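Below, all heavy atoms of this structure are taken into account, side chains as well, without hydrogens, waters or symmetry copies. Since this is a predicted model, take the numbers as computed values, not measurements.
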Amino acid sequence: MAVNAGPGVELLGRRSFLVLLLAVALGVYLLPSPIDPKPHVLKGPPPALQGPLAVNTRLQKGRRLFAGKLHGPESFTADDEGNVYTGTVDGKLWRLGPDDSLTFITQMGQNLPECGFSSDYEPACGRPHGVRLDRRGQLIVADSYFGLHSIDPKTGEKTLLLANSQGADGVPFAFLNGLEISSQTGIIYFTDSSSRWGRRHVKLEVIELNRLGRLLSYDPRTGSVTTLLDSLYMPNGIALSPDESFLLLAETSIGRILRYWLKGAKAGTKEILMDNMIGYPDNIRCSDHKTFLVGITTPRFRKFLPPFLDLIAPYPGVKRFLAKVIPLSWYNLLLPRYALVLELGADGEVVGTLHDPEGRLTWAISDVFQHRGRTYLGSTDLPFLAILEGWES
């Protein structure tokens, strides 16, 4: 015979559920957060998609190379023979021949089967970011985990210039990123995006919005390293002006570009060139026609709600909670498949843009590099290389 639960049993069940719910909530509250954010208010709603920012489909006119062979070609450089060099998310360096051949040069760390498949192995495999050729024809590489290296592009022989553990001013590097070399002096300029977070925790870096990044220089003649700017918001790509009187620097996490003067009356000072940008800038490159090309890793568009990072920026408590309970991989669901390149004049004015609104060719662009009439579009994680033949802006 069925026995009906009385009101007392039902009430006990509800209380037990509430106690469990409170226990879970208390446990989450007491769980330490991996981040220590400060409140930050961005400069207002993003600019509208009009004028030079108007949507177009110019980036859809390209094509893909090396699908399934190059995974996350982040940055590029080229030699006089038409070879292009890049590094990938599996810690490898590659040479792309003028005939679109692909040649392995070296592995920055250990060559493990897991390299490129799990970010947990990046500290062992390495992750080359900025790559440039110096005046002796050697590849200079900023590896996020292993520091600055000089590499013979023919033999793959590696020479350590500056280890992450050495750092600068007593502070080790955690996330080497952007790189540029002066053709006049040989000085290497580079960025350390954070002294706390490595590349595999870049999403925590962006959510936290800390000011733990630096712009530095390294003199290969003396081996000395100098901090040029500190307290930066995730400094990323850098680009020298054609006359090398200044360089531009992307502060990715707050959508801003700085100009740092190297020569003249303003030498050693910085100024804001662009703020409240339409997206989060990654690398900056000087174009064939002496403008600056900026890869936008994630657009920042106005819709019925503010962009997600704008929304949470003023609320450290919300960010601490999100960092506790949401796996980092879930944030990828918030990233639109949208490609955007900005072309800037010398004073930061937008003179043109290239869009791929549906991500048909590519999205999340890290670098925009022009060489011999071709434009190479980098990415941090995509399993192909996108290119444009010619340039339309």
Side-chain angles (χ1 to χ4, degrees), residues 40-47 49 51-53 74-75 129-130 175 177-180 189-194 202 205-206 209-217 228-263 266-287 289-301 307 309-310 313 339-354 364-370 378 380 393:
H40 183 87
V41 179
L42 297 175
K43 294 293 184 180
L49 291 169
L53 293 175
E74 159 85 9
S75 178
H129 271 264
F175 187 174
N177 203 331
L179 182 71
E180 188 71 293
Y189 299 96
F190 64 101
T191 57
D192 182 27
S193 291
S194 174
V202 64
E205 162 79 13
V206 171
L209 271 185
N210 62 50
R211 300 179 65 183
L212 298 175
R214 294 178 286 177
L215 169 68
L216 308 106
S217 66
L228 303 176
L229 293 174
D230 58 13
S231 300
L232 298 173
Y233 288 98
M234 195 182 168
N236 196 332
I238 49 179
L240 286 163
S241 63
D243 64 357
E244 299 192 5
S245 62
F246 65 85
L247 61 78
L248 299 188
L249 179 149
E251 285 188 291
T252 298
S253 60
I254 58 170
R256 188 164 74 179
I257 292 177
L258 302 179
R259 172 158 52 191
Y260 178 77
W261 289 96
L262 298 168
K263 299 177 182 178
K266 295 182 179 180
T269 65
K270 72 177 190 294
E271 59 194 26
I272 297 173
L273 196 71
M274 290 191 76
D275 205 352
N276 192 39
M277 293 176 65
I278 193 66
Y280 301 96
D282 199 323
N283 285 311
I284 308 173
R285 303 301 293 263
C286 200
S287 75
H289 39 286
K290 301 188 185 307
T291 57
F292 292 100
L293 303 176
V294 184
I296 299 298
T297 183
T298 305
R300 181 173 161 256
F301 294 154
L309 291 176
D310 291 39
L340 178 59
V341 172
L342 305 184
E343 185 174 9
L344 309 180
D347 292 317
E349 69 277 16
V350 178
V351 298
T353 56
L354 290 83
I365 293 178
S366 65
D367 199 16
V368 189
F369 175 66
Q370 295 185 324
T380 57
S393 64

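Remark: the Thr380 side chain and the Glu74 side chain contain no N/O donor-acceptor pair separated by less than 3.5 Å. Between the side chains of Glu251 and Asn236, not a single donor N or O lies within less than 3.5 Å of an accepting N or O.
Counting heavy atoms from C-beta on, the side chains of Met234 and Val202 come closer than 4.5 Å. In this structure, Leu179 and Tyr189 have side chains that are not in contact, with every pair of non-hydrogen atoms separated by 4.5 Å or more. At least one side-chain heavy atom of Leu232 sits less than 4.5 Å from a side-chain heavy atom of Leu215. When side chains are defined from C-beta on, Met274 counts as touching Leu344, because their heavy atoms get closer than 4.5 Å. Residues Tyr233 and Asn210 fail the side-chain proximity criterion, which asks for heavy atoms closer than 4.5 Å. Between Ser241 and Phe292, some side-chain heavy-atom pair lies under the 4.5 Å cut-off. Within the 4.5 Å cutoff, side-chain heavy atoms of Arg300 are placed close to those of Asn276.
Here salt bridge (charged side-chain N to carboxylate O under 4.0 Å, His left out) pairs that include residues 273-286, with residues two or more places apart or in two chains, are Arg285-Asp367.
With sequence neighbours excluded, the residues that form a side-chain contact (heavy atoms from CB on, under 4.5 Å) with Glu271 are Arg259, Trp261, Lys266.
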Practice problem: Show the numbers, then the answer: is there a side chain to side chain donor-acceptor pair (under 3.5 Å) between Glu205 and Ser194? | Solution: CA-CA 8 Å; Glu205 162 79 13; Ser194 174; 3.1 Å; yes

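At most 12 heavy atoms of other shown residues, nucleotides or ligands fall within 6.0 angstrom of atom NZ in Lys290.
Interatomic distance, Asp230 CG to Leu216 CG, rounded to the nearest 0.5 Å: 9.0 Å. Put simply, CG on Asn177 and CG on Asn283 are 7.0 Å apart, with the number rounded to the nearest 0.5 Å.
Residue Pro281 comes nearest to Thr252 through the heavy atom pair O-OG1, 2.6 Å, listed as atom of the first residue, atom of the second, then distance.
Residues Asp192 and Arg214 are paired through a salt bridge, judged by an N-O separation under 4.0 Å between the basic side chain and the carboxylate.
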